[in-house]
Amino acid sequence: MADETPIPKPRSNFIRDIIDEHLRTGRFATVHTRFPPEPNGYLHIGHAKSIHLNFGLARDYKGLCNLRMDDTNPETESMEYANAIKEDVRWLGFDWDDREYYASDYYQQLYDWAVVLIRKGVAYVCDLTVDQVREYRGTVNKAGRPSPYRDRSVEENLDLFARMRAGEFPDGSKTLRAKIDMASPNMLLRDPLMYRIRREHHYRTGDAWCIYPTYDWAHGQSDSIEGVTHSICTLEFEVHRPLYDWYLDQLGVHHPQQIEFARLNLSHTVLSKRRLLELVEGGLVSGWDDPRMPTISGFRRRGFTPEAIANFADVIGVAKDNSIVDLPLLEMCVREHLNRTAPRVMAVLRPLKVVITNYPEDRVEEFDCVNNPENAAAGSRQVPFARELWIERDDFMENPPSKFYRLSPGKEVRLRYAYFIKCDEVVKDAAGNIVELRCTYDPATRGGDNPPDGRKVKATLHWVSARHAIDAEVRLYGTLFTVRDPASVAEGIDWKATLNPKSLEVVKDAKLEPALASAVPESRWQFERMGYFCADRRNSKPRALVFNRTVTLRDEWTRLVSSGRENK
RNA sequence: UGGGGCGUAGCCAAGCGGUAAGGCAACGGACUUUGGCUCCGUCAUCCGGAGGUUCGAAUCCUCCCGCCCCAGCCA
């Protein structure tokens with residue numbers, strides 16, 4: 001990682017309590033976890049929570065955490081996704097050494113274990129169709145009925161299963177099912193499927209298999225094979241735990257403890273791979289790493305840091321109630337880290353020309369500007385100043401409310417590190433648009449210092465010398481959705497209807513101070529008074545700079561205006 | 001209406017029978033050459049509700065209410 005952020009002290013949570021108890025009683029001697037993504041999409045901030053939980057537990061308990069691709073469904077998985085996942089986990093700062101595992105590497109072992117269950121008489125080949133299986137399963141209020149194939153002999157099951165694997169039967173014509181209890185109140189225990197026939201090319205095993213294990217049959221056994229002690233997953237798998245335990249007990253193998261926690265929900269966005277995929281495939285965003293996406297790669301491109309995400313994962317905690325974390329908490333984590341690390345620089349996003357009428361036309365001065373007031377070691381730089389400048393359009397108002405203490409006719413403000421200036425004249429075009437401000441400066445305020453007469457100003461503005469400015473494209477982002485919880489819009493309304501039409505605003509002619517010419521892709525800066533910005537890692541080029549606004553600075557003025565108190 | 005979970009402030013979240021941590025947000029104020037940062041202060045007489053046990057309950061018991069998950073050959 002870029003700097004030496006101390007690892008936050010582990011805070012107590014119910015999972016640590018369980019682990020402490022296991023260690024105390026000797027149920028387990030060590031802690032071995034795993035992060036098990038399915039390579040069918042990109043990782044998002046919810047996965048980051050899980051990654052920090054699993055790798056963090058391993059780190060704090062001096063144990064191990066594996067990376068395992070939970071790849072049991074060839075239809076949606078790909079190497080592209082697996083590679084993207086690995087890159088994201090690494091970027092977050094974690095390392096799995098040589099423990100890069102794939103459920104698909106366990107296919108043979110899983111097959112052999114299925115044979116063991118058949119021999120025990122607790123698994124059978126079923127010829128029911130999809131619809132029949134559904135019908136026989138019953139409902140939550142009605143017990144299911146046994147499949148007519150439930151009592152086939154061990155020999156017949158062995159033969160049929162071998163032939164399923166050999167490719168003798170068409171896709172979907174047969175399944176291998178565990179023989180448990182068709183009347184169980186837990187639907188998962190009504191003879192769950194272990195294998196389905198699916199002639200689908202797998203991104204790793206190719207065409208070696210035409211039968212694929214289901215999640216329930218693969219997951220616990222994979223955990224067991226890897227020596228995992230604590231198999232941490234999200235709440236929706238809580239009802240699967242009895243099945244997880246059943247398979248392991250039947251096999252009599254190493255038996256990890258499954259523990260469920262609440263997945264992360266973040267306000268004003270969606271956090272499900274299905275929905276994110278829909279945004280990507282529908283062209284509603286530019287891709288998985290669109291800076292508006294809540295994906296790890298999107299946040300990375302936006303300018304978020306691994307340290308900020310780590311801190312976020314820590315402060316949100318781990319519990320069992322479904323909740324939605326407010327986006328401002330994540331933004332606070334980002335600002336907190338960037339405030340300490342991002343160099344300050346001046347950039348004008350929406351330029352308004354200022355001419356200092358009493359400043360010589362050919363004169364150029366250089367002012368010493370602090371790179372980061374939070375870090376003396378960051379030093380300073382020289383910024384050129386001349387007669388014609390750019391200032392932020394929002395920093396001038398012809399008829400300002402009482403609390404506006406930036407520039408207006410007749411008022412004086414400080415240009416950061418430069419001089420006090422006073423606005424003498426407002427120049428407008430034929431249409432009445434303000435096109436230029438004519439001001440005068442006070443030589444006694446050189447460097448931005450207060451003059452000997454004790455005069456003070458209430459505002460300090462950032463600026464860029466017009467003839468020294470470099471141009472850049474700046475992308476300003478808002479929330480992707482306009483509502484707090486897009487996934488729960490009213491019945492009949494498309495969740496995508498709540499997309500924020502103003503989630504992206506592209507500013508083409510921003511004016512930057514010369515120092516930014518050397519900004520390398522993915523470098524992060526604070527544009528003073530505007531926010532934190534990151535040179536786009538895909539599109540920013542040396543003479544065609546592109547910056548993404550990571551997050552704005554906290555802004556008292558905007559708060560006053562939005563709450564109608566700018567005149568009070 | 002079967003089963004499995006969960007309900008502590010606007011949002012997260014500690015708390016595990018001894019009298020409601022912390023963070024975010026918000027609101028005051030100090031400081032300020034970023035209306036940034038930092039600092040100080042305010043913010044649950046109360047823990048979904050009602051009973052009960054106890055000297056004492058957010059914590060234990062009973063009943064009720066609300067929300068989430070399970071009827072994919074997805075994970």
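Labels below follow one simple rule: chain letters A, B, ... track the order of the sequence lines, proteins then strands, and each chain is numbered from 1.
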Span that lies between the [atom1] atom of [M] and that of [N], in whole angstrom:
N	M	atom1	answer
B/rG15	B/rA57	C1'	13 Å
B/rC60	B/rC6	P	12 Å
B/rG18	B/rU59	C1'	11 Å
B/rC11	B/rA50	C1'	28 Å
B/rC70	B/rG36	C1'	50 Å
B/rU1	B/rC64	P	11 Å
B/rU38	B/rU32	C1'	10 Å

Can A/R529 and A/D555 be counted as an ion pair, charged N to O under 4.0 angstrom?
-> no
So, is B/rG49 syn or anti if syn means the angle is within 90° of 0?
-> anti
Does [N] have its OP1 or OP2 closer than 4.0 Å to a side-chain nitrogen or oxygen of [X]?
X	N	result
A/R559	B/rG28	no
A/R406	B/rG35	no
A/S323	B/rA13	yes
A/R198	B/rC74	yes
A/R335	B/rU34	no
A/R484	B/rC11	no
A/R190	B/rC70	no
A/T129	B/rC73	no
A/R196	B/rC74	yes
A/T558	B/rG35	no

Any idea which of [options] is nearest the [X] side chain?
X	options	answer
A/L329	B/rG5, B/rA75, B/rG23	B/rG23
A/P373	B/rU34, B/rC69, B/rC12	B/rU34
A/R565	B/rC27, B/rG5, B/rA14	B/rC27

Take A/K49 and A/D449, find for each the nucleotide of RNA chain B with the closest heavy atom, and name the residue whose nucleotide sits nearer the 5' end.
->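 Comparing both residues, the 5'-ward one is A/K49.
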Do the rings of A/Y106 and A/Y101 sit parallel, tilted or perpendicular, given the 30° and 60° boundaries?
->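 Answer is tilted, since the angle falls between 30° and 60°.
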Let me know the distance between [atom1] of [X] and [atom2] of [N], rounded to the nearest Å.
X	N	atom1	atom2	answer
A/H337	B/rC37	NE2	P	16 Å
A/Q526	B/rC37	CD	C1'	9 Å
A/F169	B/rC73	CZ	P	20 Å
A/Y215	B/rC73	OH	P	16 Å
A/D326	B/rA26	CG	P	10 Å

Do the numbers put A/R275 on top of the ring of A/W495, so that NZ or CZ is under 6.0 Å from the six-membered ring centre and no more than 45° off the axis?
-> yes
Charged tip of A/R204 within 45° of A/Y102 ring normal and under 6.0 Å =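 That pair qualifies as a cation-pi contact.
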Quiz item: [X] side-chain donor-acceptor pair to [N] base, under 3.5 Å:
X	N	answer
A/R529	B/rG35	no
A/E374	B/rU38	no
A/D171	B/rC73	no

Trace of the side chain to side chain contact (heavy atoms under 4.5 Å, CB included) decision for A/K403 with A/V561 | CA-CA 9 Å; A/K403 289 260 181 84; A/V561 173; over 6 Å; no
Under the side chain to side chain contact (heavy atoms under 4.5 Å, CB included) rule, what do A/N375 and A/R340 come out as? Steps first, then yes or no, please.
-> CA-CA 7 Å; A/N375 175 18; A/R340 287 151 41 213; over 6 Å; no
Any pair with a residue in residues 40-50 of chain A that passes salt bridge (Lys or Arg N to Asp or Glu O under 4.0 Å), sequence neighbours left out, goes on the list, sorted by first then second residue, please.
-> none
